[in-house]
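Some notes on the structure that comes next.
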Amino acid sequence: MNHVVIMAGGIGSRFWPMSSESVPKQFLDVLGVGRSLLQMTVDRFLGICEMDNIWIVTSKAFREQVQQQLPDLPAHNILLEPCRRNTAPCIAYVSWVIKSVDPSANIVVSPSDHYITDVPRFREAVQQCLDFTAQSDAIVTLGMQPDHPETGYGYIEADLSYATLTNQNIFRVDSFKEKPTLEVAKEYIRKSNYFWNSGIFIWNVATIVNAFRVYQPQMAAIFENLREQYRTEREQQLIDEVFPTCENISVDYAIMEHADEIYVYPAEFGWSDLGSWSSLHKLLPKDEHNNALVGRNIRVYDTANSIVHATTEREVVVQGLDGYIVIEKDGTLLITRMEEEQRIKLFH
């Protein structure tokens, strides 16, 4: 059966003043559509599997927020990390749990805070990858077709000379590249075989568990030793004890850079990891002056290339700005030039 794992333990606060360490962006309605990024992530996967097969891995501090936002999710499908240890321990933990209830599970792993505009095309791509991994020992990642030299994403170098025999849209991965400099990113864009690394992975449970056993044997042993305790009353207590002993390492370093059967599905369905207000501006609908407005009571005059986000009942009037970020939340007002956005962290 298909299962979906959503990693929701991040504490990103780059959407200040809306976000904070206690309320990170995955729990926010940054798009002004009445649904948080986490809820929208679950919504798009409901075409892939039932709610009973959706798993949320999050911090113990965020359990109540997950339960409030996803009341239909079975409570035992919320796995709680006692501390942050990056994505490899997170994925290892949930993989062993899923294996204990469904040894033939086919799994999608996704961040909780990304935005996708074309959900039908996204579901089609994911389903094709699931069909592929159900019949192979492959690990597949979704690669996003780049449209500009982005320095904030990692890249995937693919071998496009031969597609797989069973799916003409899936190709072998030659290498994973770290976030590049601007000049290197421009070089990647000039080539046709480099894609943004979306951080969305597809595999069957036997494949990923075996990969951990081969490439991360110490971590694998930690979760293998608990195999009789999963879905019991002792699970959380034992996880609280052993999880902090795991190496703090991403699944990219732990598994993806070592495994042999790594493939990429190049895709285009309007994707962003929403790492900043300016990235949100690029994705939102805009008026004739390239302004993105989120809120019902916003008026702009002589303003261009800006984002204004104010979803309260207060009336907001903006005049004479070009290339600005204007955000109002709970009595805090942020006004800054878009090009100076990296300094927001200094303001709070």
Side-chain angles (χ1 to χ4, degrees), residues 10 12 14-15 25 30 37 86-87 110-111 113-118 121-122 125 129 139-164 168-202 250-253 255-259 262-286 289-292 304-307 321-325 336-346:
R14 285 177 289 181
F15 277 86
K25 66 175 179 174
V30 297
L37 293 176
N86 216 315
T87 55
S110 170
D113 53 3
H114 292 183
Y115 177 57
I116 288 167
T117 57
D118 193 335
R121 290 184 68 181
F122 169 78
C129 293
I139 293 174
V140 182
T141 183
L142 296 183
M144 301 298 105
Q145 185 70 52
D147 58 10
H148 65 277
E150 175 61 58
T151 61
Y153 300 152
Y155 284 72
I156 299 167
E157 181 186 8
D159 179 1
L160 300 181
S161 57
Y162 296 100
T164 62
Q168 295 300 300
N169 296 317
I170 296 177
F171 303 86
R172 276 193 175 272
V173 170
D174 278 343
S175 64
F176 289 89
K177 304 294 186 181
E178 295 298 308
K179 296 175 182 178
T181 63
L182 181 58
E183 287 306 311
V184 172
K186 289 179 179 178
E187 181 64 24
Y188 290 166
I189 293 296
R190 283 191 284 268
K191 301 177 180 179
S192 62
N193 66 321
Y194 281 80
F195 305 93
W196 290 332
N197 187 349
S198 68
I200 301 173
F201 306 108
I202 300 96
S250 72
V251 73
D252 299 77
Y253 283 121
I255 302 296
M256 305 300 283
E257 293 190 357
H258 303 288
I262 306 291
Y263 296 84
V264 61
Y265 183 110
E268 289 185 84
F269 39 66
W271 169 88
S272 173
D273 74 346
L274 289 183
S276 63
W277 286 113
S278 56
S279 67
L280 179 60
H281 173 266
K282 292 177 183 177
L283 287 174
L284 288 171
K286 288 171 277 291
H289 300 294
N290 199 37
N291 297 307
N305 308 309
S306 299
I307 178 170
L321 297 184
D322 190 346
Y324 270 77
I325 298 167
T336 185
R337 289 190 61 83
M338 204 169 289
E339 63 189 29
E340 299 289 332
E341 184 177 15
Q342 70 275 10
R343 300 181 62 194
I344 288 179
K345 61 184 179 181
L346 302 176

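For clarity, every value in this text was computed on a predicted model and none was experimentally measured. Below, each value reflects all heavy atoms present in this structure, side chains not excepted, and no hydrogens, waters or symmetry copies.
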| request: Compare all side-chain heavy atoms of Glu341 with those of Ile325 and state whether any distance is below 4.5 angstrom. | output: yes
| Heavy atoms from other residues, nucleotides or ligands near OH of Tyr253 exceed 12 (cutoff 6.0 Å) | no
| remark: Tightest non-hydrogen contact, residues Phe171 and Tyr162, listed as CD2-O, 3.4 Å
| remark: For Asn290 and His281, the nearest pair of non-hydrogen atoms, with its separation, is O-NE2, 2.9 Å
| query | Are Lys286 and Asn291 close enough, and set up right, to give a side-chain contact (heavy atoms from CB on, under 4.5 Å), and what steps lead you there? | reply | CA-CA 5 Å; Lys286 288 171 277 291; Asn291 297 307; 5.9 Å; no
| said: Is it the case that the side chains of Asn193 and Asp174 hold a donor-acceptor pair, with the cut-off being a distance below 3.5 Å and no angle test? | reply: no
| request: Could you pull out the closest heavy-atom pair between Tyr153 and Pro180, with the gap in Å? | output: O-CD, 3.4 Å
| query | How far does OH of Tyr188 sit from OG1 of Thr151, to the nearest 0.5 angstrom? | reply | 12.0 Å
| message | Is there a side-chain contact (heavy atoms from CB on, under 4.5 Å) between Phe201 and Met256? Walk through the geometry before answering. | response | CA-CA 10 Å; Phe201 306 108; Met256 305 300 283; 3.5 Å; yes
| Would a 4.5 Å heavy-atom cut-off, applied to side chains only, mark Phe195 and Gln145 as touching? | yes
| field | Carboxylate-amine/guanidinium contact Asp159 Arg172, below 4.0 Å | value | no
| By salt bridge (charged side-chain N to carboxylate O under 4.0 Å, His left out), which residues pair with Glu157, not counting sequence neighbours? | Lys177
| task | Using the side-chain contact (heavy atoms from CB on, under 4.5 Å) rule, take Glu268 and Asp147 through it: C-alpha gap first, then chi angles, then the decisive distance, then the call. | result | CA-CA 10 Å; Glu268 289 185 84; Asp147 58 10; over 6 Å; no
| Of the non-hydrogen atoms in Asp113 and Lys25, which two are nearest, and what is the gap between them? | OD2-CE, 2.8 Å
| request: Before giving the answer on side-chain contact (heavy atoms from CB on, under 4.5 Å), spell out for Leu274 and Phe15 the whole-Å C-alpha distance, their side-chain angles and the decisive distance to 0.1 Å. | output: CA-CA 9 Å; Leu274 289 183; Phe15 277 86; 4.2 Å; yes
| remark: The residue among Val140, Ile200, Val264 that forms side chain to side chain contact (heavy atoms under 4.5 Å, CB included) with Cys129 is Val140
| field | Ser306 versus Gly323, closest heavy-atom pair with distance | value | OG-N, 3.3 Å
| said: Going by the rule salt bridge (charged side-chain N to carboxylate O under 4.0 Å, His left out), which residues pair with Glu339 if we only count those two or more places apart in sequence or in a different chain? | reply: Arg337
| query | Glu178: what forms a salt bridge (charged side-chain N to carboxylate O under 4.0 Å, His left out) with it, not counting sequence neighbours? | reply | none
| query | How many angstroms lie between CG in Asn197 and OH in Tyr155, if you round to the nearest 0.5 Å? | reply | 11.0 Å
| message | So, taking the atom named CH2 in Trp196 and the one named NE2 in His148, what distance separates them when rounded to the nearest 0.5 Å? | response | 4.0 Å
| field | Taking every non-hydrogen atom, the tightest pair across Phe122 and Leu142 | value | CE1-CD1, 4.1 Å
| field | Inter-residue atom distance Ile139.CD1 - Tyr263.OH, 0.5 Å rounding | value | 11.0 Å
